[in-house]
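Everything on this sheet refers to the single structure shown next.
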Amino acid sequence: MLANQASYPAVPTPVIWRLWLIQSLLLLLLTPAFNFWSLAIFALLLLAKLPQLLLNRPAWSLKLSNLLALTIVSALLLFARDLGVLHLMIHLLLLAAILRLLGFREHDHADVQQLLWVQYFLFACCFILHQALGMALLVFMLLLLQLQSHYLAFAAPGSTFPYKSALKTSLIFVPLWLSLFLLFPRIAPLWALPGAKQAMTGLGDELNPGSIERLVESDELAFRVEFQSRLPQPDELYWRARIYDTFDGSSWRRRYNNDLADFSKIKHNSNLSFSYKIIVEPHQQRHLYSLGVPLKVNYPQRIDTDALLSSRSVLSQRASFQLQSVLAPVPDFPGAKNNTNLQLPPGNPKSRALAAQLAAEHKTPEQLVLAIGRYLREGGFRYSLNPPALSGDQIDMFLWQSKSGFCSHYAQTTTFLLRAAGVPARIVGGYLGGEWRDNQSYLEVTQRAAHAWVEYLHQGAWHKFDPTLQVAPQRLFAGLEDLLSAADLLRLEGNWLGRAGFAKQLLQQLEDLDYYWSRWVLGFDNEQQQSLLSSVKNRLLELAALDWWYYIKIVLLLLTAALLSRLLWLRLTTAPPGISVWLVRELSPWLVKTPEQTVLQYLAALGHHSTLQQQSAVVSAHYQQLVFAGDSKAEKQLRAEVQQLKKLLKQQRR
Amino acid sequence: MQLLRQKLQSWVKHKIWAWLERRQPPVSQLILRQNILYVLPSKYGISLFALAAILYLLGSNYQNNLILLLSFLLIGLLLLAIILAFKNLHGLVLQSGETTAAFAGDMLNVRLRLANQQGRQLLEFSLNGDRQLFWTLPSEVMLQVDSSRRGFYRLPRFKIQSLYPFGLIHCWCYPALNQSYWVYPNPLQQQMQQHLPTGDGELQWSHLSPYQMGDALQRIDWKRLSRQPSQPVVKVFSQQGSELHQLVVPTLSGAALEQSLSQICAQILHLSHRHLPYTLEVQGRLLTREQLTTAQNASGQSAPQPGLSSEELHRQRCLEALSLC
């Protein structure tokens, strides 16, 4: 008796239409997880539902659905394994939802229950793939449609969605929802989950002349930073991301470094330490960005012996983390193999000769670096995004033939010369500068700011040297656009937007919005939750420190507010035409008015029922005066008398 | 094992029923309030809660706040459904209707009046396996009761439940109302021919008698009424060989008693259909039609319904006496 639960009427057709629409839009939203063939199969399956919906064809049998499910799942496992675990899971979930809809039985409520369940799960998958503000809003709007269909599937058939009361309910629901989000305890990630598999972006594992140029062509966002300490100067904004130290004659590779290090005890000048929060766009790689030497990070991030920051798993969604770092030379770890930082392939005899000559003239690495800089500055070198291609002895060719190049050319040449002169050196890949946004409240770094520079070992620490600045010193202070020739500028994409002032402004506003979305919603983490809680706690403590008179004031204030809102509510809900409704409602706990009774009959019956004829007659008289004689002054008296009657009735009940 | 489980189940059910009887005795008007409403998540509610938990873990592991938002949205939906499911039943007023009667084996519906029933959806009334789902509530609900055995019964405790909205929360209650109903013995059709006057004899005019309350209108002597409007008279007809039928319930028990009660019931129906006078003697108590005018409702079992003629009232009282004996 306790176990059997209420039954339900059949699911109405408009709900099935909605479910179909939701699934189609989910397929669109989840497209990045699909390949061409699976997308086509799923779209066809969705189209197969249309004859059922439009022409009232019968739903597919369970046997057919199961057979199809078996076929498609085995096909997916055989041919689409390279999609990755997450994408396969999304395939299976959506397949289950679509096949369930194709074999949908209106009378069996288990069907609609399972369908809605799986679709809620698919919404979570959408959020794995899309987190930017616009897409997230789209997903949330679709979620509203899902909630509406969920409601209608479990409501009386033919009833419409109660928008008005839904709005009212959302006044309770949204604060509840958001406070759950803000206050519910967070747990640290327990295990690594498969991420979405997409093409890598940003700096790759390999650096060759040309790789940075390709990056710079795109205006895509790399990361955004908000500083809590003082804002850094332009020449302090060197974002280290990767190190390239193995040269094979044409390109530089990174050495795999898995040794973790702790730099928190490094001596530093407090004026050169920065604390900031970084929001990194997904680039499907592990490396992260930091200024100088990062001091300390939290669990999913780690610092290796090269003072580079990386994430434990591939970054497939927007991530944000808090960081403190100090602008100091990176200390060298004696255990690290420095001979790789002297390694050079054979070739480039002229450059080697130049290096030997410079080394003979300048004894210390510092002097050597300055000499190389002077050589580049005075040698008639040109800064260009579109230099002639290099072949053969690249370094020789660059130094004596083309004499024009981008930052990677200068960095690799300088590193080569330093190594040839016996000074350990390496190329650092990262970003230089960025664009301040929204009154310098945050820094936006795009791929356009990609840069490469040099680090050389001197007295047990790696010092920074940027050879590009010798050729184009303005690079620090001006954007790339101002430095390049008109022909180079044409290669940068998105430039047409830069010319239209209005569009640019709008775009910047949208970018600002997206930033704050990432900062406050996507980036809300344990730490911020703790600080929110502690600020609330502090407020409460402040309150506790006040004396009792304040409490009385607050209580009085709350009471008046409650009273006023109650009065306002009464005024709003009981305008004179509704006085009878109010009266009956007030007295209903003692006697319920039957539909055939008039109010006067009801009052008489109440008087008889409770043997309070006298008081109910008084109420009745006032009621008649108000309603039939139109005496609006009687309303107040009537209310008072009704309250009096209620009081008497309450006494009687005791 | 099966037997043990059944016994345990019935024992638990019995205990719950006894507890409900103590806690919530039958009343004539019941307002559904928080003290008699029970709210628990349904199976689907539990599965959706499990989904929210899975999404919480997923969101934590991906460090994806949007998935966490979705998880909390589902939790919020569950909390909201608790309030809405409760509100769907809370404040509904049930009032007992008039006493009804039927012959054993016939369908018997007991009428309940509802008040304050607007704006409620998908409430299911169930009693003894008879389930009625109302999309919106009418002002009257008919509950089908068990009418297999004769007697005078109180409407059993029934169940009102709802999964509205979202199907996540199950809200129910077991109301009991002071509402009774009669089940008369089943009239036995076959054997009555032998014992009863054939009834196909012609009606003969017997005499005139002064009009009494409840006399059939078609028997009023209208010609005489126009002459003497203050003294209406009715024509009294009688059948050939018609005299007062005296029906006596024999002192039997068990199946034999039931058999004879059924026969007497059929006789009463037959006689009253033909407007023949009859009396009934039950356990030494004589029921006559004349008693009604003098001592109204001596048994006090059932209040006479307005609009019943004395003949119909007599029949009703006789049938009630048969049901109880």
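Throughout, a chain's letter reflects where its sequence line sits, starting with A, and its residues are numbered from 1.
- Residues A:Tyr120 and B:Leu77 form a side-chain contact, since some pair of their non-hydrogen atoms from C-beta on lies under 4.5 Å apart.
- Looking at B:Gln63, the atoms closer than 4.5 Å to chain A (heavy atoms on both sides) sit in the backbone and in the side chain alike.
- Side-chain contact of B:Asn65 with A:Arg318: a donor-acceptor pair under 3.5 Å is absent, judged by distance alone.
- Here A:Phe184 and B:Tyr56 bring their ring centres to under 6.0 angstrom of each other.
- Looking at B:Leu55, only its side chain comes within 4.5 Å of chain A, counting heavy atoms on both sides.
- Only the side chain of A:Leu176 has a heavy atom closer than 4.5 Å to any heavy atom of chain B.
- When each of A:Phe140, A:Trp177, A:Phe123 is checked for a side-chain contact (heavy atoms from CB on, under 4.5 Å) with B:Leu73, only A:Trp177 meets the rule.
- To the nearest 0.5 angstrom, B:Ile67 atom CD1 is 6.5 Å from A:Gln317 atom CD.
- The contact between A:Leu116 and chain B is made by backbone and side chain atoms together, counting heavy-atom distances below 4.5 Å.
- When heavy atoms are compared at a cutoff of 4.5 Å, A:His109 does not approach chain B at all.
- Of the two parts of B:Gln9, neither the backbone nor the side chain holds a non-hydrogen atom closer than 4.5 Å to a non-hydrogen atom of chain A.
- Both the backbone and the side chain of A:Ala155 come within contact range of chain B, judged by heavy atoms closer than 4.5 Å.
- Contact of A:Ser159 with chain B is made through the side chain alone, with heavy-atom distances under 4.5 Å.
- Summarising the geometry of B:Leu133 relative to A:Pro9, their closest heavy-atom pair is CD2-CD, 3.5 Å, with the distance given to 0.1 Å.
- Relative orientation of the B:Tyr44 and A:Phe154 rings is parallel, given thresholds of 30° and 60° on the angle between their planes.
- Neither the backbone nor the side chain of B:Ile83 comes within contact range of chain A; no heavy atoms are under 4.5 Å apart.
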